[in-house]
Amino acid sequence: HCITLLRGNFDMPSLFKEGDIMIGGIFPVFNKDVSSIATFDGEPPAVTCALFDLRAFRWAQMMIFAIEEVNTDPALLPNISLGYRILNSCSSPTNTLRAALTLARSQNEKETFSGCSPAVSAVIAEAGSSQSLAVAGILGPFQVPVVSYFSTCACLSNRAKYPTFFRTIPSDYFQAKALAALVKHFGWEWIGAIQSDNDYGRNGVLAFKEEVTKFGICIAFVGTVLRTYPQEKILKVVEMIKQSTVKVILAFTPEGDFSPLMREVVKHNITGIQWLASEAWITAPQPSTPEMYRAFGGALGFVVQKMNIPNLNPFLMNINPYRDPSEPFVKDFWEIMVGCKPSSNVSDTGAAKICTGNETLMDYTQDVFFNVSQLRVAYNVYKAVYAIAHALHQLAFCRPAGGKNVKPCLNVSEIHPKEVTYHLQRVNFRNRFGDDVFFDENGNPPASYDVINWQLRNGQVQHVTLGHFTSTKHGEYTLSIQEDRIVWRTGQMVPASVCSNACPAGTRKAQIKGKPVCCFDCVPCAEGSIANSTGATECTACPQDYWSNERKDGCIPKTVEFLAYHEPMGVALTAVALLGASLSLLTMIVFIHYRETPVIKASNSELSCFLLFSLFLCFLCPLTFIGKPTVWTCMLRHTAFGVTFALCISCVLGKTIVVVTAFKVVHPNNKPAVGQFGPIQQRIIVCSCTLVQVIICILWLKLNPPFPDRVFKYNSKKIVLECNTGSEVAFYAVLGYIGILSVICLVLAFLARKLPDNFNEAKCITFSMLIFCAVWITFIPAYISSPGKFTVAVEIFAILSSAFGLLISIFAPKCYIILVKPEKNTRKHVMGKK
């Protein structure tokens, strides 16, 4: 039954041929819809289109050629003929909708006796994505399959909205991946984008932005164009391009929408831009002129696979307006190609020239229209026809094409578009050119593109293939480009397009507030961190034992610091220590040599020698503090210091007690006191006081001994080697014990300072203990606050100062009398008797 869907008639001219099964076709044979204002007081006027498109007309002829080829193939739909009805969309979604409704009505354009033509089983449409959205939306509810040859919008892959839509050109989802891979390949980080104000442009640029964002690439601006835009809007985009710093711009637009901007770019002499093109215009013949090459030369883009279709050239050469004068579009083609208007109507004087009828296309074989060696979109039309034919064959014969003597399993009149859609989804065959034709679950073909470069050869723009892009099922891709063959509009080198130059080694990126991530400042790395490559986003901290060099591009070992013998401070302290030790030995020799003199006898020669020996050891003790710390030196330095000074102060304490007891004897009854503190008691007091310190040191070494340690806190560029005390309690216990002995000595000596006699040691001991205590009281804050090796130097200084204080204060007066004033070295003088 024929169902009239529309009450009126759009009166749309069509290329028509009747067949057993009808296939509809919609092509933008004219690419501009001349709109008229509706008055709503009568039927709207017929649609008027302008700007005949030779490229789209060849697509329509390719559909006719492929259908006739199928009809002559005995292995494909034998004894079943395919017919066609091809309408013009004027590149307008509105007019495309009219064409789709016209095909859906299934009413013959020519009124015949049968009343109805066969129903349309499938439709091949359309070039523009917006137009395909209209077709798929209106025919989807009727289950009519729509196969597009040039609509790439990823939005059409939505099976929920467009369940019957298929296409033989890859989706923009894959083209966006390909363009993003191209941008990443050449290191472009700062690019502009031009989109057409329709579904194709907006969705394409959106998909492209999503892809390049993954690679850290920024879009500086997005300009919008459309063929129907007034010039003011186009000039705004031109100004946007001129003010931007980008050197690479992607134009994701059909050729008709991009042409007004291309003319303005050439007019304003905007050169030095590397253009990236979508497949919609990179191989279009209309903009591929030497004039456009001045600004768009070297453009790069992706196109689908090209193919040379045998026998197509003779078919195109056979187009003739005189065979069927009522056939639409052919007269317009003839007028553009031949230059005259074929007309049998004498009153038709609108054309500048009327054809004589003797013209032939053989004189125009060099025209690009007849060049069938690089067919891309036309090949997609060819594959669309064969995909539909194979689906119909499977439906009609219940087996794939290729068998012989097959018989139909279904009456042609019973074929329903829903069944065609079902079998079209499952089509999978290899055509005679070796290409596999099939559709995935979203109606998309396998993605494969050629990389095209605009080059000028012999005064003509050539679309040179320089590479290939293929996407795999797992989302991965391969991109191969012959870079050495690329012609760049900006020169021989790959143009650079960055908002900010890559940060050199030793610096990192610092985001500029309010600007894209591609715009940044370069900030030097902080001390101790490096960036050893250009374009670093973060600086890497050096390992603990390393530090950054001056350029901050590499880590160098930190300087190891300790108080060494060869450095000036080490030499000075060593010299002073040896001097003190030498003076102690010399003093001891003097005391031994003059041991029988009254001065030596009065000062208790045995304790004096013990004291000098302990001072000798105290002066040698700093030598263990100088040099690289080891396990043994660390244990030795602190324990040796503690024991030697305990011995030293014990001797001083013994001498102090002797002085106090000796000079307190003012009555004969007190003489036994002297005997009670004789040599044995003196040795006991020295040994017992020293033994306590020895026990403390043994416990220290046993429980938590000192150890060599690397300290990083003092200086970030240095590693300080020092001896860790291990136990702070033990360390300060050693110092505290020496302090207790010193305080006892100081108190006793202070009490005996005014005892009568010319030779009263109490004064000397008091003075020496004052020096000793002053030195070690100031040592504690200085020790805590001194960094690194200066801590060791402070401790050595305290040892030497206190030792020299004892040596000079106690023994210098005696040596002075013995060596300089021997006349005073008498018992009478020592006893203070006149």
Side-chain angles (χ1 to χ4, degrees), residues 528 542-547 556-581 614 616-648 693-694 696-738 775-776 778-803:
C542 290
Q544 191 177 32
D545 293 352
Y546 292 81
W547 193 250
I556 56 177
K558 288 182 178 180
T559 303
V560 178
E561 183 183 79
F562 57 89
L563 187 59
Y565 284 105
H566 61 267
E567 62 179 289
M569 187 184 299
V571 171
L573 293 173
T574 303
V576 173
L578 293 176
L579 175 63
S614 64
F616 172 74
L617 295 178
C618 288
F619 280 117
L620 293 180
C621 186
L623 299 180
T624 63
F625 286 78
I626 304 173
K628 186 176 181 180
T630 64
V631 175
W632 289 106
T633 58
C634 284
M635 289 192 294
L636 181 61
R637 68 169 56 169
H638 289 99
T639 54
F641 156 71
V643 172
T644 54
F645 263 87
L647 175 62
C648 179
Q693 188 76 299
V694 171
I696 294 174
C697 291
I698 291 174
L699 291 174
W700 185 6
L701 295 177
K702 186 70 175 178
L703 299 177
N704 197 357
F707 58 90
D709 193 14
R710 299 190 305 168
V711 181
F712 301 90
K713 64 182 180 180
Y714 300 128
N715 192 320
S716 54
K717 297 182 181 179
K718 297 179 181 180
I719 301 174
V720 177
L721 295 183
E722 65 177 27
C723 286
N724 191 307
T725 56
S727 171
E728 293 287 337
V729 174
F731 175 69
Y732 285 107
V734 168
L735 290 180
Y737 181 70
I738 295 172
V775 167
W776 287 101
T778 56
F779 159 77
I780 294 175
Y783 178 84
I784 294 173
S785 60
S786 299
K789 63 182 180 181
F790 297 103
T791 305
V792 179
V794 167
E795 192 167 357
I796 295 174
F797 179 78
I799 293 171
L800 294 177
S801 299
S802 56

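Numbers for residues simply follow the sequence, beginning at 1.
Less than 2.5 Å separates the SG atom of C723 from that of C634.
Side chains of L617 and F641 form no contact here, defined as non-hydrogen atoms less than 4.5 Å apart. A heavy-atom distance below 4.5 Å is not found between the side chains of D545 and P557. You'll find the side chain of F645 stays beyond 4.5 Å of the side chain of C621, heavy atoms only. At least one side-chain heavy atom of R710 sits under 4.5 Å from a side-chain heavy atom of L721. In this structure, the side chains of C697 and V643 come closer than 4.5 Å at one or more pairs of heavy atoms. In this structure the side chain of L563 never reaches within 4.5 angstrom of the side chain of F625, judged on heavy atoms.
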From CA spacing to verdict: side-chain hydrogen bond (donor to acceptor under 3.5 Å, both in side chains), W700, S727:
CA-CA 7 Å; W700 185 6; S727 171; 5.0 Å; no
CA sep, side-chain torsions, deciding dist, call: I626, V792, side chain to side chain contact (heavy atoms under 4.5 Å, CB included):
CA-CA 8 Å; I626 304 173; V792 179; 5.9 Å; no
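In terms of heavy atoms, S614 sits closest to T644 at CB-O, 4.1 Å. M635 and P706 make their closest contact through CG-O, 3.7 Å (heavy atoms, listed as atom of the first residue, atom of the second, distance). Shown here for W776 and L735, the closest heavy-atom pair between the two residues is CZ3-CD2, 4.1 Å. Shown here for I738 and G642, the closest heavy-atom pair between the two residues is CD1-O, 4.0 Å. Minimum heavy-atom separation, Y546 to C542: O-CB, 3.7 Å. When all heavy atoms of F619 and L800 are compared, the closest pair comes out as CD2-CD2, 3.7 Å.
To the nearest 0.5 angstrom, E567 atom CD is 9.5 Å from T574 atom OG1. Rounding to the nearest 0.5 Å gives a distance of 12.0 Å between CZ of F562 and CD1 of I719. Here the CD1-NZ distance, from I796 to K789, works out to 11.5 Å after rounding to the nearest 0.5 Å. One distance of note links CD1 of I698 with CG of L703; it measures 11.5 Å at 0.5 Å rounding.
Contacts of F616 classified as side-chain contact (heavy atoms from CB on, under 4.5 Å), with partners at least two apart in sequence or in another chain: A581, S584, L585, L620. Remark: D709 pairs with no residue by the salt bridge (Lys or Arg N to Asp or Glu O under 4.0 Å) rule, at least two apart or across chains. T624 meets the side chain to side chain donor-acceptor pair (under 3.5 Å) test with no other residue; sequence neighbours excluded.
Using cut-offs of 30° and 60° on the angle between ring planes, the pair H638 and F731 is perpendicular.
Using a distance-only test at 3.5 Å, with no hydrogens or angles considered, no donor-acceptor pair links the side chain of K628 to the main chain of A564. Side-chain atoms of Q693 come within 3.5 Å of backbone atoms of V734 as a donor-acceptor pair (strictly under, hydrogens ignored). Between the K558 side chain and the V720 main chain, no donor and acceptor come within less than 3.5 Å of each other. Of the possible donor and acceptor atoms, none in the side chain of T633 sits under 3.5 Å from a partner among the backbone N and O of P629. Listed for the N724 side chain is no donor-acceptor partner under 3.5 Å among the backbone atoms of F707.
The number of heavy-atom neighbours closer than 6.0 Å to CZ of F797, taken from other residues, nucleotides and ligands shown, is 12 or below.
For E795 and R637, the salt-bridge test fails: no basic side-chain N is under 4.0 Å from an acidic carboxylate O.
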